[in-house]
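Here the structure is a predicted model, which is why all the values come from computation and not from measurement.
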There are 2 protein chains.
Amino acid sequence: MIELSERQKVILSLVVHEYVRTANPVGSKNLVRQYHLDYSSATVRNEMAALTEAQYLSQPHTSAGRVPTEKGYRFFVSGLIQMRELPEETRRMIEHQFSQAQQGMDGWIKLAASILADQANAISVVSAPLPNRTTVKYISLISITNKQILMILVLAGGQMQQRFLFVSEVTTQTQLNEIADTLNRLFEGRNSEEIRILSRHLPDMGSAAEEIIRTLLSTLYDTDARQTGEVYTEGINKVLAEPEFSDSEEARRTLRFLEEKPLLQDFLSRTTREQKVGGVQVFFGGDGLLKDIANCSLVVARYGMQGIATGTIGVLGPMRMAYSKNIPTVRFLAGILSDLVADSGL
Amino acid sequence: MIELSERQKVILSLVVHEYVRTANPVGSKNLVRQYHLDYSSATVRNEMAALTEAQYLSQPHTSAGRVPTEKGYRFFVSGLIQMRELPEETRRMIEHQFSQAQQGMDGWIKLAASILADQANAISVVSAPLPNRTTVKYISLISITNKQILMILVLAGGQMQQRFLFVSEVTTQTQLNEIADTLNRLFEGRNSEEIRILSRHLPDMGSAAEEIIRTLLSTLYDTDARQTGEVYTEGINKVLAEPEFSDSEEARRTLRFLEEKPLLQDFLSRTTREQKVGGVQVFFGGDGLLKDIANCSLVVARYGMQGIATGTIGVLGPMRMAYSKNIPTVRFLAGILSDLVADSGL
DNA sequence: GTTAGCACTCAGAGCTTTAGAGTGCTAACG
DNA sequence: CGTTAGCACTCTAAAGCTCTGAGTGCTAAC
């Protein structure tokens, strides 16, 4: 593959930019007029022909303008992924909203989702931070009735799980407090595997405690298996306005993808697992796990504390999305969430 | 207004039924053929003219079939709201899914939302159970760092809230356990108002405890103000397949309504507040709070324990929805959730 | 290497035509 | 008098048609 000339790079970027803006195939004459290029439309036509040849652009039909291909977008994005800061003003505004938010990981995540959907005018997708293998932070046991217990589990990364369980033995809140104290001493900071081994050599604490540990383990296994916490989504209505979703079949496929939480979680956890915190990645729909969302793309970053607890934040929209705005926005929000995870010390 | 004749009622019901099935204006000839009526299309035409006169039906244009008006739907639904059981088989199937579900209010609610969306092929909307004024069930305090605390609040109805707080005084987990014990003894079963008064005459427990109580109260106020817990929604993709949503502007309005959580919560809590648990109501879009979702309707029921903690479960779809299936489904699921709320004893 | 000029292409907007489903009315029927 | 067959009339939606204009590739001149 031959290198692109400087001028070709410029023209390719401008085509992408213009297409993102208008959603219409971009013609040579128009491009020259819009951007006051100091060469003529015929020259642009020649370069466009070359870019089309090299698969960066394509033509919907012979006598139409050019549309970027996936390869074209990739080129465009690769120039964007490193640099670009969000304008000071926007950063201030976002930070302000976080400073006013109610405390708690859940609230922050929802706020981030809401801000991102708003800024990007597309669908935001945010998953709660979770370590590869969950560790227990705190166990709380609450007596509901004589033989019924509510177990609340605080996990690393600020995630919570609640389970009801029934025990055969009557247990009082005082007894539960004791059990909880013991378990907290033993299990704090441990993961499912460690707890499984530890619990084998435990002094007998009665059948209730056994039942509690069993439930605890099954909850941890569940969480480990999911690998990604709750996924929040917002801004679906925004993206319906885009022309690529005016075909409702297209829109349905995308929404089904979003509502298939396991699929989405799988994708988020798998594809970004090795990714360093802070780095923004762009995925293009069409093949692999994203085959259902052809001509969409996904800008994601991992946030949190590397090796401790990480989640993902991203924006899903038509492939023709405003990368130059969305990439810095995602990066900035990932940074904020990372700070919050670190500060909350979970 | 004159009463409808028996035959008119039959015809009206059939028109609604047929229109729900096909989404096309219903013509006289077709109706006779489909349902083997023992009178002719001319007779049906006459009756239809009368029903149109009386505003139960309308014509998109002079030479088209009839479409039910909102009044027509109301009539149809009024005959359905009381009776009709879900088929034994479906009930078994649903019960089975619940029996296999993981424990915990959150999980049940999501399961209910998922089943309902699936059964109705429309959008399900389920809100968590919450009393008019929340009462505290259990307070758990977890030391994160020296001066940072995670407060977990279990509220009546099984809802949980988490907050982070910073205190100026160094506090250990042991101290926190003591404070939590005291607060639990004092505040269990109390609502925000009672706690506010109680906390005035409290023995001094140090500045950390004060800060904790302040956060506790503000969380309770927040929750009271919202009046409805988290709202889960599922099945958006299903409804996009309906012809009334092929116009993306229409679809957007509906989705915006759904994503405006405060609006939705407000509607759910306000309009069904007085409603007895178990009764199914049908709301038609177009005016009042539902003005944004013209030609949609909402079948809802309240579930939970009257006066203790109630939530809502419902299905939102095109006004042309399968009421005869959806109404019993909503009623049945509301029943199951009510049982679960009762059993979990919160 | 660049550019003006030109013949050619083709999607989409706008218009016309047509088919058929549905109506209301009238007159005949039991 | 309610019911029904028959008929002229209405009106949408689909199909076919034309025409415009943006865009192209190529050639020849600069």
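A salt bridge is absent between A:Glu260 and A:Arg256: the closest approach of a Lys/Arg side-chain nitrogen to an acidic carboxylate oxygen does not fall below 4.0 angstrom.
Counting to the nearest Å, the P atom of C:dC6 and the CZ atom of A:Arg45 are 13 Å from each other. Atom CD in A:Gln59 sits roughly 12 Å away from atom P in D:dG23 (whole-Å rounding). The CG-P distance, from A:Leu31 to D:dG23, rounds to 10 Å in whole Å. Straight-line distance from the CG atom of A:Asn46 to the P atom of D:dG23: 17 Å, rounded to whole Å. Remark: P of C:dC8 and NE2 of A:His61 are 18 Å apart, rounded to the nearest angstrom. Straight-line distance from the CG atom of A:Leu37 to the C1' atom of C:dG1: 17 Å, rounded to whole Å. Look at CD on B:Glu47: it is 11 Å from P on D:dG2, rounded to the nearest Å. D:dA14 atom P lies 10 Å from atom CG of B:Asn24, rounded to whole Å.
The partner of D:dC30 is C:dG1, by the rule that a Watson-Crick or G-U pair needs both atom distances under 3.5 Å. Across all strands shown, C:dC6 forms a Watson-Crick or G-U wobble pair, both distances under 3.5 Å, with D:dG25.
Between the side chain of A:Arg320 and the main chain of A:Val20, a donor-acceptor pair closer than 3.5 Å is present. A:Lys71 places a side-chain N or O within 3.5 Å of a backbone atom of A:Ala54 that can act as its donor or acceptor partner.
Looking at which nucleotide of DNA chain D each of A:Met48 and B:Ser40 is closest to, the 5′-most match is held by B:Ser40. In terms of position on DNA chain D, the residue among B:Asp38 and A:Arg66 whose nearest nucleotide sits closer to the 5' end is B:Asp38.
Proximity note for B:Thr43 (side chain, C-beta onward) versus C:dT23, D:dG25, D:dT4: the nearest is D:dT4. Ranking D:dG25, D:dT4, C:dC10 by closeness to the A:Thr62 side chain, first place goes to C:dC10. With D:dC11, C:dT2, C:dT23 as the candidates, the nucleotide lying closest to the side chain of A:Arg7 is C:dT2.
Using a 4.0 Å heavy-atom distance criterion, B:Ser41 is classed as making no nucleic acid contact.
A:Ser63 contributes no side-chain N or O that forms a donor-acceptor pair with the base of D:dT24 under 3.5 Å.
Taking a 6.0 Å sphere around CD of B:Glu89, one finds it holds 12 or fewer heavy atoms contributed by other residues, nucleotides or ligands.
By the 6.0 Å and 45° rule, A:Arg7 stacks over the aromatic ring of A:Tyr39.
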